[in-house]
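This report refers to the structure that appears directly beneath it.
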Amino acid sequence: MITREEIANVLDQPVYDGDGNKIGDAKHVFFDDMTGRPEWVSVKTGMFGSAESFVPIRDAALVQDHLEVPYGKDQVKGAPSVDVDAGGHLSETEEHRLYDYYGINWDSVLSEAERTDDGRFAAGTGTAGAAGAAGAAGAAGVAGTTPGGTTGREDAMRREAMRGDEAMTRSEEQMRVGVERHESGRARLHKYVVTEEVQQTVPVTHEEVRVVREPITDANRDEAMAGPEISEAEHEVTLHAERPVVETETVPVERVRMTTEELTENETVRGQVRKERIEAETETFTEDETRRGGKRRGRE
């Protein structure tokens, strides 16, 4: 059984089942209002600790740096959801549901709660089972250690201290938001070939025939009279022309690369936090209830 002195070593520590499977992390410890003994531990389970399950702490044990409970991981995660009132108490009905789920005999719980540590029965104190309420120890885990070795926030002895200074500590959850980096997409460069029509104007030349007539002079008379006086003749001239010739050449024109740029934008995150509320209630007992040891219900 976990003692009051060990509570500081329980909160925010891993919780394992008997087969070595991690169930989650211990977040709250609930005490019996009458005996002051630890009765339940709430375990944060699921992704990001989004779920919370209640486990009996009576048969749990501290093993090195974690808490070990005699219940399987699936059984704990499948425990019924229960509501904790504004005063940090479990109702009798909710506590009864949990005991039934874990197969714990309600009468044995009642009998143990009525018996004090030295074996005597407590008079006028009632039981956790009958009262149906267990006080919360630490609303959000360890929040600093006091010189006595217990945590200032979850002080397991605060109920006893209340009787001296008539005060209790009110706690509330605060939302802390961080960021994590994850892969949001991928980009790649892809090169492919397209064919385009291009045009370019170039100058080209060609030869044309032109008849040039020259008069007979003393300079060319001999050449002109070299043939027969009257005859037929042909003279062929070859004409030339230029035409465009197209060739292509591959040349590098630019280099392309990809870079990333970080942009910062504001995003609003919403969540739920729990806050403790403190109310005072009084209840009178009938004479029969007083003789049976009394029942105490309500918030503290």
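What you see below is based on every heavy atom in this structure, not just the backbone, and it leaves out hydrogens, waters and symmetry mates. Please read all numbers here as calculations on a predicted model, not as lab measurements. We number each residue from 1, following the sequence as shown.
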Query raised in the report: Can any side-chain N or O of Tyr101 pair as donor or acceptor with the backbone N or O of Gln75 at less than 3.5 Å?
Result: yes

Query raised in the report: Say you draw a straight line from CZ of Arg243 to OG1 of Thr205; how long is it, rounded to the nearest 0.5 Å?
Result: 13.0 Å

Query - Glu52 and Val43, any side-chain heavy atoms less than 4.5 Å apart - result: no

Query - Gap separating the OG1 atom of Thr260 from the CG atom of Leu263, nearest 0.5 angstrom - result: 10.0 Å

Query raised in the report: Taking side chain as C-beta onward, heavy atoms only, is Asn105 less than 4.5 Å from Tyr99?
Result: no

Requested in this report: Look at the side chain of Glu276 and the backbone N and O of Ser171, then say whether any donor-acceptor pair between them is shorter than 3.5 Å.
Outcome: yes

Query raised in the report: Between Glu173 and Arg274, is there a salt bridge with N-O shorter than 4.0 Å?
Result: yes

Report task. Could you walk me through whether Asp25 and Asp12 pass side chain to side chain contact (heavy atoms under 4.5 Å, CB included), step by step? Result -> CA-CA 6 Å; Asp25 295 323; Asp12 287 332; 5.8 Å; no

Query raised in the report: Taking it one step at a time, do Met175 and Val177 satisfy side chain to side chain contact (heavy atoms under 4.5 Å, CB included)?
Result: CA-CA 6 Å; Met175 185 171 69; Val177 181; 4.0 Å; yes

Query raised in the report: Looking only at heavy atoms, what is the nearest atom pair of Val15 and Ala26, with distance?
Result: CG2-N, 3.7 Å

Query raised in the report: Do Pro244 and Val204 come within less than 4.5 Å of each other through their side chains, counting heavy atoms only?
Result: yes

Report summary line: Taken to the nearest 0.5 Å, the spacing of Arg221 CZ from Ile216 CD1 works out to 7.0 Å

Query raised in the report: Looking only at heavy atoms, what is the nearest atom pair of Tyr192 and Val194, with distance?
Result: CE1-CG1, 3.6 Å

Query raised in the report: Would you say Val63 and Tyr16 make side-chain contact, with heavy atoms under 4.5 Å?
Result: no

Requested in this report: Measure the spacing between CG of Leu239 and NE2 of His206 and express it to the nearest 0.5 Å.
Outcome: 9.0 Å

**Report entry** Value rounded to 0.5 Å, distance of CG in Asp74 from NZ in Lys77
**Finding:** 7.0 Å

Query raised in the report: Going by an N to O cut-off under 4.0 Å, is there a salt bridge joining Glu68 and Lys73?
Result: no

Query raised in the report: Looking only at atom types and distance, does a side-chain atom of Asp19 sit under 3.5 Å from a main-chain N or O of Asn21, one as donor and one as acceptor?
Result: no

Query raised in the report: Would you say the side-chain atoms of Ser53 pair up with the backbone N or O of Val76, donor to acceptor, closer than 3.5 Å?
Result: yes

**Report entry** Heavy-atom check, side chain of Glu234 versus side chain of Glu236, under 4.5 Å
**Finding:** no

Query raised in the report: Any idea how Phe30 and His28 line up, ring-wise: parallel (<30°), tilted (30 to 60°), or perpendicular (>60°)?
Result: tilted

Query raised in the report: Is the number of heavy atoms from other residues, nucleotides or ligands under 6.0 Å of Met225 CE greater than 12?
Result: no

Requested in this report: Carefully, step by step, assess Leu67 and Leu62 under the rule side chain to side chain contact (heavy atoms under 4.5 Å, CB included).
Outcome: CA-CA 5 Å; Leu67 181 69; Leu62 276 174; 4.2 Å; yes

Query raised in the report: Is the backbone of Pro215 close enough, under 3.5 Å, to the side chain of Asn220 for a donor and an acceptor to pair up by distance?
Result: yes

Report task. Could you walk me through whether Met168 and Ile278 pass the side chain to side chain contact (heavy atoms under 4.5 Å, CB included) test, one step at a time? Result -> CA-CA 9 Å; Met168 65 171 58; Ile278 299 176; 3.4 Å; yes

Query raised in the report: How about Ile23 and Thr45: do any of their side-chain heavy atoms sit closer than 4.5 Å?
Result: yes

Query - Pair Glu279 + Arg277, salt bridge at N-O below 4.0 Å - result: no

Query raised in the report: Is any side-chain heavy atom of Phe54 closer than 4.5 Å to a side-chain heavy atom of Pro80?
Result: no

Requested in this report: Hey, could you give me the CZ/CD1 distance between Arg37 and Ile57, rounded to the nearest 0.5 Å?
Outcome: 13.5 Å

Query - Heavy-atom closest pair, residues Lys22 and Pro14 - result: CE-CB, 4.0 Å

Query raised in the report: Is there a side-chain contact between Gln13 and Leu11 (heavy atoms, below 4.5 Å)?
Result: no

